[in-house]
Undergrad: 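I have a structure here, written as structure tokens, and I will follow up with some questions on it.
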Amino acid sequence: MSGYHVVVCGSIVPDPLQTLEPITGPTGPSLKNEMMLPAVLDPWAAQALFEAAALAQKAPGSKVWLVALGPKAKLQQVMMAVGQKVPFELVAVDGPAGGFVDAHETAAALAEAVQAIPGLDRARLLLFGGWESGSRGAGVTLQLVGERLGLQDQFQGVDQLTPQPDGSLEILERVEGGKHQVSVVAGPPALLGWATGNLPEPRNNPQVGMANMKGIMPALQKAKPAKVGAADAQYLAVQLPKQQRETRVVKDLTPDAIAAELVEWISKD
């Protein structure tokens, strides 16, 4: 067997051009008129999907799945547009897609969906997703999915993946100062959390859209509900994040020292 089995984890988020207003609703924090807001595929997850399709095109025998957790009605709207871009098979999970859900519950639902994919060869598995998220900015969801699937080779902030002649994979991970860390992994299975990559958004292709739609609608009809929420978390207040960037490059700092500095920095706010 040759090629890769690429599974992309990605959900939907409100269109970034919309004005978002946090409110406290009957079930806790939410966004004002959340169900009325136009949605798009999470930008980081979309980049991961485009990278997966480009990789599969270069490696015969490959296949791409998109595992998406969100309300079925919203997923259907988004997939009508995304399905025009690149070939993939949708695995839909019906659940909330707001920014106030627990990363552990989300990861559990996504991992369960990946494990249930028929014919998935775990020896050829590359798990893709966003390094960040337009809604679930916890920065740990994809890592938690990988841990549940037993994926020990994990890379975050990926901008480039290059298969080597010997089957290994060269990976460029983004670091500070506009530089990349170069890593080489023997091959699948591995997890890659994508940054912005270097591929443009593919043009709409009606033939790809028609082929995708044959599987998208049945996948939405079969979407299983997921018990995803905020667990036992209680929010005292919610507000939009402030625009702030403070970057320093420090070498040879111990993990304890890094953690102490982060706690001190967070405590200032």
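Throughout, residue positions are numbered sequentially from 1 according to the sequence presented.
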Undergrad: For residues Val78 and Ala39, report the shortest heavy-atom separation together with the two atoms involved.
TA: CG2-O, 3.6 Å

Undergrad: Give a yes-or-no answer on whether the side chains of Asp256 and Thr254 include a donor-acceptor pair shorter than 3.5 Å.
TA: no

Undergrad: Within the structure provided, determine whether Arg122 and Leu149 are in side-chain contact (heavy-atom separation under 4.5 Å).
TA: yes

Undergrad: Indicate yes or no: at least one non-hydrogen side-chain atom of Leu120 is less than 4.5 angstrom from one of Val7.
TA: yes

Undergrad: For residues 47-63, which residue pairs pass the side chain to side chain donor-acceptor pair (under 3.5 Å) check, not counting sequence neighbours?
TA: Gln47-Glu51, Lys63-Glu89

Undergrad: What I'd like to find out is whether the side chain of Leu191 reaches to under 4.5 Å of the side chain of Asp153, using heavy atoms alone.
TA: no

Undergrad: When you compare the side chain of Ile117 with that of Val67, does any pair of heavy atoms fall below 4.5 Å?
TA: yes

Undergrad: Is Tyr4 close to Val64 at the side-chain level, that is, under 4.5 Å between some pair of heavy atoms?
TA: no

Undergrad: So, does Lys227 use its side chain to make a donor-acceptor pair with the main chain of Glu105 at under 3.5 Å?
TA: no

Undergrad: Specify the closest pair of heavy atoms between Val140 and Ala103, including all atoms of both residues, with the distance to one decimal.
TA: CG2-CB, 3.8 Å

Undergrad: List, by chain and then residue number, the residues other than Leu253 in its hydrophobic cluster (Ile/Leu/Val/Met/Phe/Trp/Tyr, side-chain heavy atoms under 4.5 Å); write none if there are no others.
TA: Val250, Ile258, Leu262

Undergrad: Would you be so kind as to tabulate the donor-acceptor pairs closer than 3.5 Å made by side chains of residues 211-223, with sequence neighbours excluded?
TA:
from: Asn212; atom 1: OD1; to: Phe88; atom 2: N; distance (Å): 3.2
from: Asn212; atom 1: ND2; to: Gly83; atom 2: O; distance (Å): 2.8
from: Asn212; atom 1: ND2; to: Val86; atom 2: O; distance (Å): 2.8

Undergrad: Using the side chain to side chain contact (heavy atoms under 4.5 Å, CB included) rule, take Leu192 and Leu161 through it: C-alpha gap first, then chi angles, then the decisive distance, then the call.
TA: CA-CA 9 Å; Leu192 286 83; Leu161 169 65; 4.1 Å; yes

Undergrad: Looking at Gln181, His180, Lys179, which one forms a side-chain contact (heavy atoms from CB on, under 4.5 Å) with Leu172?
TA: His180

Undergrad: Going by the salt bridge (Lys or Arg N to Asp or Glu O under 4.0 Å) test, which pairs reach into residues 190-199, not counting sequence neighbours?
TA: none

Undergrad: Gln77 versus Lys74: any side-chain heavy-atom pair under 4.5 Å?
TA: yes

Undergrad: In chain order, what residues pass the salt bridge (Lys or Arg N to Asp or Glu O under 4.0 Å) check against Asp159, with sequence neighbours excluded?
TA: Arg174

Undergrad: Any sub-3.5 Å donor-acceptor pair from Glu170's side-chain atoms to Ser168's backbone N or O?
TA: no

Undergrad: I'd like to know if Lys85 and Glu201 make a salt bridge, using a cut-off of under 4.0 Å between side-chain N and carboxylate O.
TA: yes

Undergrad: Ignoring hydrogens, what is the shortest heavy-atom contact between Ala107 and Leu144? Give both atom names and the distance.
TA: CB-CB, 3.4 Å

Undergrad: Are the side chains of Leu127 and Cys9 in touch, meaning some heavy atoms are under 4.5 Å apart?
TA: yes

Undergrad: Enumerate the ring-ring contact (aromatic ring centres under 6.0 Å, His included) contacts for residues 185-222, please, sequence neighbours excluded, ordered by first and then second residue.
TA: Phe128-Trp194

Undergrad: Please check: side-chain N/O of Asp42 versus main-chain N/O of Ser11, any donor-acceptor pairing under 3.5 Å?
TA: no

Undergrad: Check Ala195 against Trp131 and note the closest heavy-atom contact, atom names and distance.
TA: CB-CE3, 3.8 Å

Undergrad: How close do Glu173 and Gln156 get, counting heavy atoms only, and between which atoms?
TA: OE2-N, 3.1 Å

Undergrad: Provide the closest heavy-atom pair for Ala190 versus Phe155 in the form atom of the first, atom of the second, distance.
TA: CB-CE1, 4.5 Å

Undergrad: For the residue pair Val40 and Ile12, establish whether any side-chain heavy-atom pair is separated by less than 4.5 Å.
TA: no

Undergrad: More than 12 non-hydrogen atoms from neighbouring residues, nucleotides or ligands closer than 6.0 Å to CD on Gln84, yes or no?
TA: yes

